[in-house]
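In what follows, a single structure is set out as structure tokens and then discussed.
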Amino acid sequence: MSEADTKLYQPDAETAKSAYVAGMEAYQALVAEAEADYEGYWGRLAKELLSWKQPFTQVLDSSNAPFFKWFADGKLNASYNCLDRNVENGKGDKTAIIFEADGGEVTKVTYKDLLERTCRLANALKAQGVKKGDRVVIYIAMSIDGVAAMQACARIGATHSVVFGGFSAQSLRDRIEDTGAKLIITADHQVRGGKQLPLKAIVDEALSLGGCDSVQKVLVVKRSGAGVAMTEGRDVWMDEALAGQDAVCEPEWVEAEHPLFLLYTSGSTGKPKGVQHSTGGYLLHAALTTKWTFDLKDDDVFWCTADIGWVTGHTYITYGPLALGGTEIVFEGVPTYPDAGRFWKMIQDHKVTVFYTAPTAIRSLIKAAESNEAVHPKSYDLSSLRILGSVGEPINPAAWEWYHQHVGGGRCPIVDTFWQTETGGHMITPLPGATPLVPGSCTLPFPGIQAAVVDETGKEVPWGQGGILVVKKPWPSMIRTIWGDPERFKKSYYPEDFKGQLYLAGDGAIRDAKTGYFTITGRIDDVLNVSGHRMGTMEIESALVSCTELVAEAAVVGRPDDTTGEAICAFVVLKRPRPSGDEAKAIAKQLRDHIAKEIGPIAKPKDIRFGDNLPKTRSGKIMRRLLRSVAKNEAVTQDTSTLENPAILDQLGQAY
Ligand code: WTA
């Protein structure tokens, strides 16, 4: 971003006047308040935004850093904060969720309905033996039941771990084993794009793979009604479990640090890690960021299109909007079914005012709209919209401009929100009534978040110079630990290189020389971001080499992709001679299917290239940076003098 072509989009007059954070001065005042009295700032907000059963007396406890504690002697309940208090405040008949199913059927639930549903489910969980501190795995598609299941766990102090419905039996098994879950909540099927896909059958398979002895019960929601195998004594239909359960369930008041959920995400090495989040600090940031970043008001209709299987669905579907007593859309299906106008039609039908989605979705809908006017946003009435959001990956300026012009009618601010599973909520983001926008930049830290760009020694680099993104101070919704692996938590996020003093995000960033605005330059570790889904190259490599009859060696890298942001590119050495033509295609398909089975279809590589070998140094190390150039079909310009077998680059380059 050169300064000459930096175009600033000022907040529209209406939002700048009426927003919770109205204008840059208001933003600066919050930043200054946090700087002057960090704990006072967060303590004030925690009191204002959350209802505490027992007030906290200490805001931040750093005595066992980096295992920070927030509001530790306070007690609260997340489900009480999201449901009961809204009913108590006269919002019982307000619509909490507007659910639209894959086929377009709409169901609405009020706060009173959702509270009752959650309480009955919570009582059913208790009846099945689930207690405070137990883990519950939720493997279900987007639904009111999914949200209620998470809320019900929170209500009784059980820690939920939602597994995205696109993960395979093997991945599900690994997560069940790692959490030691006592109970699983699933559905017979999920429906996506008119297709019925199994869920319960995958749970059965996962449990049959072994290592899941902790699981005592499986509760099954009827979605398709198409009939599934039920194991006597273990599997229970949700309807039956709910029958006769009381619609009142006293919340379990938990300590603020009580683990609300575990969510697995990919790192640069080894298996996925269970990111542990707290109740108090997490819920504070979920509510606060929903309030300030989306400026969520009482009459807004908020729609976050993420799946509850990812962190975005946790914070901006299950917790944030409900904690504020908002009305939100939950949708089942895909953006391109029944056609690529689905998002625009739903915005029109439900008069959505705040819309939050991922750049990948926008890019694929741009393509569809360019070739078919009927699914172009201009064919719909989108005048209800007032704020747009983007999340999960960098948004390229061209997609930003299109989103701004065609979806937002040139009037809606776009909040490009940078954050991570580990951060719990927004870290660097514009505030719609305050921050002048620059396409492709997530602009400035959320008030109270102390983000910085540093060099390898942890020293801040001057603006205009790229470096490593860190956070200088702990914040309430930060990851507490990696479930069962505190050492890995320390190493991954508070590395010795920075003397354990800085939170390492894992992304590179650069600040604009003049404005100080942040632009995220991408992961600096071996984590890929494909369609906003986070995946470790090592995980995919392990899945490939686990196909022992075929694969001798594999290396996986990312390469830029116009639609999915990044695409997975795998270089494979087989245990047989390098194939070509149809044989290569057939083996590539076999390997893709194998990866889908090991991890899930989202991890299938776009390119698979076969070689006699991989580029290695004389000491046998695979030179991934060279593979990245080859994957991009670029001429290799890097120094290859340490390469043992330079000819291999030509072979791999031609293999495409
Ligand atoms: C990337 C998703 C650029 C980044 C909420 C981060 C982004 C990873 C943005 C976390 C953004 C997320 N601009 N990059 N606005 N938002 N990322 O854990 O690389 O699934 O580290 O959390 O996504 O992905 P995760």
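Quick note: residue numbers are just sequence positions, from 1. In this text the structure is predicted, and so the values were computed from the model without any measurement. Just follow the structure's listing: the first ligand is 1, and inside any ligand the first atom is 1.
Nearest protein heavy-atom contact of atom 9 (C) of ligand 1 is Glu393 N, 3.6 Å. Annotation: atom 10 (C) of ligand 1 to nearest protein heavy atom, Trp419 O, 3.6 Å. For atom 18 (O) of ligand 1, the closest non-hydrogen atom of the protein is Thr421 OG1, 2.5 Å. Of the protein's heavy atoms, Arg534 CD, 3.5 Å lies nearest to atom 24 (O) of ligand 1. For atom 3 (C) of ligand 1, the closest non-hydrogen atom of the protein is Pro394 N, 3.2 Å.
Listed by number with element, the atoms of ligand 1 under 4.0 Å from a non-hydrogen atom of Thr312 are 5 (C).
For the pair Glu422 and Arg480, the salt-bridge criterion is not met [side-chain N within less than 4.0 Å of a carboxylate O]. Look at Arg628 and Asp526 and you find a salt bridge, because one of the NZ, NE, NH1 or NH2 atoms lies within 4.0 Å of a carboxylate O, short of that distance. Of the charged side-chain nitrogens involved, none lies within less than 4.0 Å of a carboxylate oxygen, so that Glu539 and Lys271 do not count as a salt-bridged pair. Comment: Asp300 engages Arg386 in a salt bridge, judged by a side-chain N to carboxylate O separation of less than 4.0 angstrom.
Considering backbone and side-chain N/O atoms, Asn529 comes within less than 3.5 Å of an N/O atom of ligand 1. Considering backbone and side-chain atoms alike, Thr265 places every N or O at 3.5 Å or more from each N or O of ligand 1.
Evaluated by nearest non-hydrogen atom to atom 4 (C) of ligand 1, the leading choice among Thr417, Leu469, Asp507, Val391 is Asp507.
Contact between Trp310 and ligand 1 is absent, with no heavy atom of the residue lying under 4.0 Å from the ligand. Proximity of Gly392 to ligand 1 is established by a heavy-atom distance of less than 4.0 Å.
Neither side chain, Thr279 nor His258, offers a donor N or O lying under 3.5 Å from an acceptor on the other.
Every residue was checked against the ring-ring contact (aromatic ring centres under 6.0 Å, His included) condition with Tyr27, not counting sequence neighbours, and none meets it.
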Pair Tyr139, Phe164 - check ring-ring contact (aromatic ring centres under 6.0 Å, His included), show working. CA-CA 7 Å; Tyr139 186 64; Phe164 175 60; 8.9 Å; no

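The aromatic rings of Tyr319 and Tyr282 sit perpendicular to each other, their planes meeting at more than 60°, with 30° as the lower class boundary.
Residue contacts with ligand 1, taken as heavy atom pairs separated by less than 4.0 Å, involve Gln420 via backbone and side-chain atoms alike.
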